[in-house]
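Before any comments, here is the structure.
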Amino acid sequence: MTPPDTAPSANNLEAFFMPFTANRQFKKNPRLLAKAKGVHYWTPEGRKIIDGTAGLWCVNAGHGREEIKAAIARQLDEMDYAPSFQMGHPKAFELAARHAALLPGDLNHAFYCNSGSEAVDSALKIALAYHRARGEGTRTRFVGRERGYHGVGFGGISVGGMVNNRKWFGALLPGVDHLPHTHLAKNAFSKGQPAHGAELADELERIVGLHDASNIAAVIVEPCAGSTGYLPPPKGYLERLRQICDKHGILLIFDEVITGFGRLGTAFAADKFGVIPDLMTVAKGISNATVPMGGVFVRKPVFDGLMNGPENAIDLFHGYTYSAHPLACAAASAVLDIYRDENLFKRSAELSPYWEDGVHSLKGLPNVTDIRNLGLAAGIDLAPKGAVGTRGYEAFTKAFELGLMVRQSGDAIAMSPPLVIEKAQIDEIIDITAKTIKAVA
């Protein structure tokens with residue numbers, strides 16, 4: 001039988017079922033990206049778009065880095081694939097050692113996967129396995145947070161707290177509680193960490209009182225909640241969570257898929273806030289989005305706790321075909337070279353005050369109800385216009401029309417430019433954002 005013709009059809013948008021997209025609406029008026037370099041995209045027609053979101057919070061070192069392309073090509077010439085089950089390849093061990101050297105405290109082991117969603121599900125399973133290995137198998141409950149986003153695996157949406165990501169899928173993990181979110185009206189227009197809300201961490205004590213600590217495995221939070229419109233933590237909030245978890249023997253998981261690798265002006269949010277989690281999930285900036293990759297960084301006591309069986313026994317019955325894929329490891333190692341050689345984490349810290357002044361200059365524009373920032377990221381809330389998300393979507397599409405890519409979450413827009421952004425380009429982002437807000441008033 002002759003195979004069917006699979007040559008691409010010009011302008012055929014129908015076959016691709018797009019994720020997190022209003023498919024019918026998009027295909028009537030598509031927004032296509034055809035080329036990227038530095039801090040810009042180009043449409044197929046050649047229109048230039050400034051990337052105000054580093055792709056999806058992930059292209060921290062800018063687009064089209066020749067160093068990363070060269071590293072991937074060399075690895076592809078040398079070896080395209082190697083399994084990580086009972087086998088290994090040198091670049092996986094080299095990369096893990098480099099990450100361990102970059103991490104704070106005793107976070108010194110790396111478990112690799114392919115995305116932030118996989119990283120979260122892996123972290124939850126590591127937490128369960130750790131407690132079981134130490135004879136506390138009743139610790140099976142998890143605590144997430146309202147408005148949290150932890151990817152799209154069933155574990156991630158169970159501990160996550162964004163309603164639309166949860167309501168369609170009834171078969172969520174049992175035994176999950178949620179802390180309240182920290183988006184308080186009295187913190188509106190805060191610069192950096194808001195002053196109020198640390199006491200919201202004490203809700204964890206109520207949850208412990210309800211279930212008993214002996215039944216709770218871990219608490220998972222984003223240090224800065226990203227996909228919900230960017231919510232920096234109140235001063236003292238993360239420190240308080242760490243204290244309560246330590247008091248009750250509960251593992252603390254930081255989801256640093258967005259904050260990891262320089263977004264806050266430090267390698268990780270754990271460095272920024274001086275709070276070391278027991279497990280840390282990462283993705284996005286780990287490989288500058290060139291090859292899909294994620295990971296869980298694990299503190300030594302947790303890793304050691306899983307090494308207590310017979311030496312020839314599998315320590316964790318979990319993993320992926322593409323864990324520590326050679327191309328991903330090559331890309332991630334090249335990215336670490338760029339971060340180091342160009343001092344991009346320091347650059348992020350140095351640009352953050354300029355970014356802060358720029359985004360807060362938008363206060364007072366029509367329908368702007370809140371502005372939040374920390375590091376090279378910001379969230380802007382717009383007053384609703386009819387159905388929730390209407391004005392936010394209008395702002396998203398208008399910004400693209402004017403030459404800027406932003407993220408939309410309901411009636412909030414979020415921005416997180418590449419760490420290689422220049423001050424003049426920040427000015428351009430702020431100018432287009434101001435025009436956008438006025439246009440959708």
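Between H150 and the choices L124, I157, V120, N165, the side-chain contact (heavy atoms from CB on, under 4.5 Å) rule is met once, by V120.
The two residues F85 and Y320 come nearest to each other via the heavy atoms CE1-O, 3.5 Å. Summarising the geometry of G375 relative to W355, their closest heavy-atom pair is O-CD1, 3.4 Å, with the distance given to 0.1 Å. Nearest heavy-atom pair across P233 and C224 is CD-SG, 3.7 Å. A pairwise comparison of heavy atoms in H181 and L200 identifies O-CD1, 3.4 Å as the closest pair. Between S227 and Y149, the shortest heavy-atom distance links the atoms OG-CD2, 3.4 Å. Considering every non-hydrogen atom in both W42 and K37, the closest pair reads CZ3-N, 3.6 Å.
The CD1 atom of I286 lies 12.5 Å from the SG atom of C58; values are rounded to the nearest 0.5 Å. Taken to the nearest 0.5 Å, the CD1 atom of I50 stands 12.5 Å off from the CG atom of L402. In this structure, CD1 on I437 lies 13.5 Å from NZ on K398, to the nearest 0.5 angstrom. With values rounded to the nearest 0.5 angstrom, T397 atom OG1 is found 6.5 Å from R31 atom CZ. We find the CD1-NE2 distance between I207 and H248 to be 11.0 Å, quoted to the nearest 0.5 Å. L102 CG to F297 CZ: the interatomic distance, rounded to the nearest 0.5 Å, is 8.0 Å.
For the residue pair Y322/E118, the side-chain donor-acceptor check at 3.5 Å is not satisfied. Checked by atom type, the side-chain pair T369/N367 shows no donor-acceptor distance below 3.5 Å.
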Between E94 and K91, is a salt bridge (Lys or Arg N to Asp or Glu O under 4.0 Å) present by the stated rule, with each step listed?
CA-CA 5 Å; E94 173 191 308; K91 282 190 173 60; 5.9 Å; no
Should D278 and R242 be marked as a salt bridge (Lys or Arg N to Asp or Glu O under 4.0 Å) after you check the CA-CA gap, both sets of side-chain angles, and the distance that decides it?
CA-CA 10 Å; D278 301 292; R242 177 73 274 180; 2.9 Å; yes
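In this view, R139 and E136 satisfy the side-chain hydrogen bond (donor to acceptor under 3.5 Å, both in side chains) rule, not counting sequence neighbours. Applying the salt bridge (Lys or Arg N to Asp or Glu O under 4.0 Å) test to R391 and every residue at least two apart in sequence or in another chain returns nothing. Legend: residues meeting ring-ring contact (aromatic ring centres under 6.0 Å, His included) with H360, ordered by chain and number and at least two apart, are absent. Every residue meeting the side-chain contact (heavy atoms from CB on, under 4.5 Å) condition with A61, not counting sequence neighbours, appears here in chain and number order: R65, N288, I338, Y339, L344. With sequence neighbours excluded, the residues that form a side-chain contact (heavy atoms from CB on, under 4.5 Å) with H196 are L184, K186, N187. Residues passing the side-chain hydrogen bond (donor to acceptor under 3.5 Å, both in side chains) test with K363: none are found, sequence neighbours excluded. Partners of A328 under the side-chain contact (heavy atoms from CB on, under 4.5 Å) rule, at least two apart in sequence or in another chain, are V291, M293, H325. Judged as a side-chain hydrogen bond (donor to acceptor under 3.5 Å, both in side chains), and not counting sequence neighbours, K191 has no contacts. When the side-chain contact (heavy atoms from CB on, under 4.5 Å) test is applied to A123, the partners found at least two apart in sequence or on another chain are I253, L279, T281, V296. Residues meeting the ring-ring contact (aromatic ring centres under 6.0 Å, His included) test with F111, sequence neighbours left out: H318.
Looking at Y41 and H63, their side chains come closer than 4.5 Å, going by heavy atoms from C-beta outward. Contact check for L107 versus F254: no side-chain heavy atoms found under the 4.5 Å cut-off.
Identified under the side chain to side chain donor-acceptor pair (under 3.5 Å) test for residues 432-441, with sequence neighbours left out: D431-K435.
Atom NZ of K385 is surrounded by more than 12 heavy atoms from other residues, nucleotides or ligands within 6.0 Å. Within a 6.0 Å radius of CZ in R98, more than 12 heavy atoms belonging to other residues, nucleotides or ligands are found.
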Distance-only donor-acceptor pairs under 3.5 Å for side chains of residues 258-265, two or more places apart:
| from | atom 1 | to | atom 2 | distance (Å) |
| --- | --- | --- | --- | --- |
| T259 | OG1 | E256 | OE1 | 2.9 |
| R263 | NH1 | L376 | O | 2.7 |
| R263 | NH1 | P417 | O | 2.7 |
| R263 | NH2 | N60 | OD1 | 3.2 |
| R263 | NH2 | P417 | O | 3.2 |

